[in-house]
Amino acid sequence: MPPRKRQYWLVKSEPSTFSFDDLLASPGRTTCWDGVRNYQARNLMRDGMRIGDRVLFYHSSTEPAAVVGVCEVVREAYPDPTQFDRRSEYFDPKSRADEPTWVMVDLRAVERLPVPLTLAELRSAPALAGMELLRRGSRLSVQPVTAEQFAAVRGLAGLR
DNA sequence: GCCAACGTTGGC
DNA sequence: GCCAACGTTGGC
């Protein structure tokens, strides 16, 4: 079986909740990506994300909203414990311990972009015309990104 | 704070 | 299974 090609993703986070700086400050620059409560986003994490995949880190609901860094998948999908924690805002009373509904992955910071790439800048880049993030009404907090889009984002930020 | 877009819930 | 009501996301 040929080795699987590295795939690319984008995750959204409100920096007031968890920022790229928070990720850099985390032990091993790594965090578990808990709290995802959307089936499509879950399926992308569970069925798509593999160790070594690269992930754009996007700050949403902030001024300006922007892609600020790159991280990588260092652990593949496993049950998100917050779904069973009554005190957690992510508690899901319908999820069963023997059949968890929600999963998370572990992400490790790879690099901060030299400059944040704002939504407006992303929109003005022809190479990114098809990006899910830029679709009207796009709300998915975990999205696939093509290799070309990923390279274009890094290039726009002045990397290599 | 507004509101468009979208996902989820629940009555039928 | 339909669909209206409701809740959430997230740009502006």
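Proteins get letters first, then strands, A, B, ... in listed order; numbering begins at 1 in each.
- Within a 6.0 Å sphere centred on CD of Gln40(A), other residues, nucleotides and ligands contribute 12 heavy atoms or fewer.
- Atom-to-atom, CD of Gln40(A) to P of dT8(B) comes out at 9 Å; the value is rounded to the nearest Å.
- Residue Glu14(A) contributes atom CD, which lies 8 Å from atom P of dT9(C) at whole-angstrom precision.
- Glu14(A) and Thr17(A) form no side-chain donor-acceptor contact under 3.5 Å, judged by distance and modelled atom types alone.
- Distance, Leu140(A) CG to dC6(B) P: 11 Å, rounded to whole Å.
- The side chain of Lys12(A) contributes an N or O atom lying less than 4.0 Å from OP1 or OP2 of dG10(C).
- In this structure, Glu63(A) places its CD atom 15 Å from C1' of dG1(B), rounding to the nearest Å.
- Summarising the geometry, the separation between CZ on Arg136(A) and P on dA5(B) is reported as 4 Å, rounded to the nearest angstrom.
- Contact annotation: Arg135(A) side-chain N/O to dC6(B) OP1/OP2 distance is under 4.0 Å.
- Here dG11(C) presents its P atom at 13 Å from CE of Met131(A), a figure rounded to the nearest Å.
- At least one side-chain nitrogen or oxygen of Lys94(A) sits closer than 4.0 Å to the OP1 or OP2 atom of dT9(B).
- Between Glu132(A) atom CD and dG11(C) atom P there is a gap of 13 Å when expressed in whole angstrom units.
- When the options Asp92(A), Thr101(A), Asp80(A) are evaluated for a side-chain hydrogen bond (donor to acceptor under 3.5 Å, both in side chains) with Arg37(A), the one that passes is Asp80(A).
- With rounding to whole Å, Leu10(A) atom CG is found 11 Å from dG10(C) atom P.
- Between dT9(C) and Tyr58(A), no contact under 4.0 Å exists linking OP1 or OP2 to a side-chain N or O.
- In summary, the aromatic rings of Trp9(A) and Phe57(A) are positioned with their centroids too far apart to meet the 6.0 Å limit.
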